[in-house]
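In what follows, chains are A, B, ... by sequence order, proteins preceding strands, each numbered from 1. Quick caveat, the model's predicted, so the values are computed rather than measured.
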2 protein chains.
Amino acid sequence: METIFNWSSPIDLQERLSRRGLKNTPQRKCVFGVLTRNAGKPMTPDQIHQFCLKSNPRMGLTTVYRTLELFCDIGVAMRVHLHEPSQYYELNTGKHHHHLVCVACGIVEPVDMCMIDEMNDMIRDNHDFVVTSHCLSLFGYCPMCLPKPN
Amino acid sequence: METIFNWSSPIDLQERLSRRGLKNTPQRKCVFGVLTRNAGKPMTPDQIHQFCLKSNPRMGLTTVYRTLELFCDIGVAMRVHLHEPSQYYELNTGKHHHHLVCVACGIVEPVDMCMIDEMNDMIRDNHDFVVTSHCLSLFGYCPMCLPKPN
DNA sequence: ATGTAGTTGGAAACTATTTTCAACTGGAGT
DNA sequence: ACTCCAGTTGAAAATAGTTTCCAACTACAT
Ligand SMILES: [Mn+2]
Ligand SMILES: [Mn+2]
Ligand SMILES: [Zn+2]
Ligand SMILES: [Zn+2]
């Protein structure tokens, strides 16, 4: 399930859940809070779990996994592929973007620019293939890690 | 380790290995053969192992993993990220390309086109970030899976 | 307050991958 | 051809991320 969401207002978790007969549990509020406070910063389920434990010491990692999957389904979160063993998640702000990943320090920076529209046309013509989504990750060196005149 | 390789001639495995003091074992020849016979088709370590078993029934999966990692280091193979639980590998033909992945049947098709050069300039200007590599995967529907007027 | 569909945490299972280690071998040197 | 050893192998065990199971729990509509 992957729906397109285009909002400018903040996400009303309560409304999104109840509309589907889902409960607004403390655990879900907690994960949502962590994602919101770290908007723009992709995190692993384990990292998110660590944050949750501070305010909710009994929260299970399993619940974090379940919640993140649910949040992706209802458009609250997005999966981010950084080519690491673990999957990453971030708040879905509704703005399409990509990621710059520093191969030295691992810092992740969002990039708004996207050239996929131009590619789409070319692909449809040359390949008879209808592209519905894509994922681009750019790897390199951030300003802090670059200066290495060894 | 990620070196840039630009060859037009076929890959001389023997030469690449011996130059580094590595042995040209039957197992390595076998994996190389599978990659070569399936050039352009990304495969998982397990799939590659299955092929190898046909001609080399005693080959261990561990050896396939080790060999693929080695092949990536010496530029014989490339990792392909298709956002599935398992990693994929394919022969490194030296030609930069991306992948079209059908979300219905899973078929993978190569795309030669790339707009990264245009993005690179923009990124360097706007983000002060030096991009050294990137990975783009495009998901959608191949011709066979598209016609679904339900 | 009650009832119940939905939710939770912990354990166990599962999958992909890496590590360990004793036995084996390619191929350079003789 | 024989020796030798650095490099390699396969099986088992370990590790890491994730999913499944299930009995106990709870949000919230009635
Ligand atoms: Mn982002
Ligand atoms: Mn390819
Ligand atoms: Zn894009
Ligand atoms: Zn490219």
Side-chain angles (χ1 to χ4, degrees), chain A residues 1 12-34 42-74 76-77 79-89, chain B residues 1 12-34 42-74 76-77 79-89:
Chain A
M1 193 190 311
D12 184 345
L13 185 61
Q14 172 73 264
E15 189 271 340
R16 294 227 189 180
L17 292 170
S18 58
R19 195 206 307 166
R20 289 161 230 250
L22 303 170
K23 293 179 183 174
N24 194 6
T25 64
Q27 290 88 340
R28 285 172 182 169
K29 289 176 193 164
C30 183
V31 172
F32 181 70
V34 170
M43 291 175 291
T44 64
D46 197 67
Q47 291 170 334
I48 295 168
H49 183 225
Q50 295 305 321
F51 279 118
C52 289
L53 286 177
K54 293 177 187 175
S55 60
N56 199 338
R58 311 217 26 198
M59 170 113 63
L61 179 55
T62 308
T63 300
V64 174
Y65 273 102
R66 278 190 294 236
T67 302
L68 288 171
E69 200 188 330
L70 170 65
F71 281 5
C72 286
D73 286 349
I74 66 178
V76 170
R79 271 177 267 272
V80 178
H81 299 274
L82 298 182
H83 303 174
E84 285 184 48
S86 173
Q87 177 67 279
Y88 283 74
Y89 295 85
Chain B
M1 192 192 311
D12 184 346
L13 184 62
Q14 173 73 264
E15 190 270 341
R16 295 226 186 181
L17 292 170
S18 59
R19 196 205 308 166
R20 288 161 230 252
L22 303 171
K23 293 179 181 173
N24 193 6
T25 64
Q27 291 88 340
R28 284 171 182 170
K29 289 176 193 165
C30 184
V31 171
F32 181 69
V34 170
M43 291 175 292
T44 65
D46 197 69
Q47 290 171 336
I48 294 168
H49 183 226
Q50 295 305 320
F51 279 118
C52 289
L53 285 176
K54 293 177 184 172
S55 60
N56 200 338
R58 311 217 27 200
M59 169 113 62
L61 178 55
T62 308
T63 300
V64 175
Y65 272 101
R66 280 190 291 237
T67 303
L68 289 171
E69 200 188 329
L70 171 64
F71 281 4
C72 286
D73 285 349
I74 66 178
V76 169
R79 272 178 266 271
V80 178
H81 299 275
L82 298 183
H83 302 174
E84 285 184 49
S86 172
Q87 177 69 277
Y88 283 73
Y89 294 86

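A:Arg28 has a side-chain polar atom (N or O) that falls below the 4.0 Å cut-off from OP1 or OP2 of C:dT7. Dashed line: the shortest gap from a side-chain N or O of A:Tyr65 to OP1 or OP2 of D:dT19 is not under 4.0 Å. In terms of phosphate contacts, A:Ser86 brings a side-chain nitrogen or oxygen within less than 4.0 Å of OP1 or OP2 of D:dT18.
Position along DNA chain D of the nearest nucleotide to A:Glu69 versus B:Gly21 favours B:Gly21 as the more 5'-ward residue.
Annotation for A:Asn56 and A:Cys30: closest pair CB-SG, 4.3 Å, computed over non-hydrogen atoms. The shortest heavy-atom contact between B:Gln47 and B:Met43 is OE1-CA, 3.2 Å.
Within residues 48-62 of chain A, the residues approached by DNA chain C to less than 4.0 Å at the level of any non-hydrogen atom are A:Arg58, A:Met59, A:Gly60, A:Thr62, in residue-number order.
The side chain to side chain contact (heavy atoms under 4.5 Å, CB included) test applied to B:Ser86 returns B:Thr44, B:Pro45, not counting sequence neighbours. For A:Tyr65, there are no side chain to side chain donor-acceptor pair (under 3.5 Å) partners, not counting sequence neighbours. Taking the side chain to side chain contact (heavy atoms under 4.5 Å, CB included) definition, one finds that A:Thr25 meets it with A:Lys23, A:Gln27, A:Arg28, sequence neighbours left out. Not counting sequence neighbours, the partners of B:His81 by the side chain to side chain donor-acceptor pair (under 3.5 Å) test are A:His83. With sequence neighbours excluded, the residues that form a salt bridge (charged side-chain N to carboxylate O under 4.0 Å, His left out) with B:Glu15 are B:Arg19. Evaluation of the side chain to side chain contact (heavy atoms under 4.5 Å, CB included) rule for B:Gln14 yields B:Asp12, B:Ser18, B:Asn24 as partners, not counting sequence neighbours.
The OG1 atom of B:Thr67 lies 13.0 Å from the NZ atom of B:Lys29; values are rounded to the nearest 0.5 Å. Distance CD/B:Gln87 to CG/B:Leu82: 8.5 Å, rounded to 0.5 Å. Atom CG of A:Leu68 is separated from atom NE2 of A:His49 by 11.0 Å, given to the nearest 0.5 angstrom.
One can place CG of B:Leu13 at 14 Å from C1' of D:dT8, the figure rounded to the nearest angstrom. The distance between atom CG of A:Leu82 and atom C1' of D:dG17, rounded to the nearest whole Å, is 15 Å. Put simply, CD on A:Gln27 is 9 Å from P on D:dT26, counting in whole angstrom units. As a whole-Å value, the separation of A:Arg66 CZ from D:dT20 P is 11 Å. Atom P of nucleotide D:dT18 and atom CD of B:Gln87 are separated by 15 Å, given to the nearest angstrom. Rounded to whole angstrom, the span from the OH atom of B:Tyr88 across to the C1' atom of C:dT15 amounts to 13 Å.
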Between protein and nucleic acid, restricted to nucleotides 26-30 of chain C and to nitrogen or oxygen atoms under 3.5 Å apart, what atom pairs and distances do you find?
{"from": "C:dG26", "atom 1": "N3", "to": "B:Lys23", "atom 2": "NZ", "distance (Å)": "3.4"}
{"from": "C:dG27", "atom 1": "OP1", "to": "B:Asn24", "atom 2": "N", "distance (Å)": "3.1"}

Between N or O atoms, less than 3.5 Å apart, protein on one side and nucleotides 14-16 of chain D on the other: list the pairs.
none

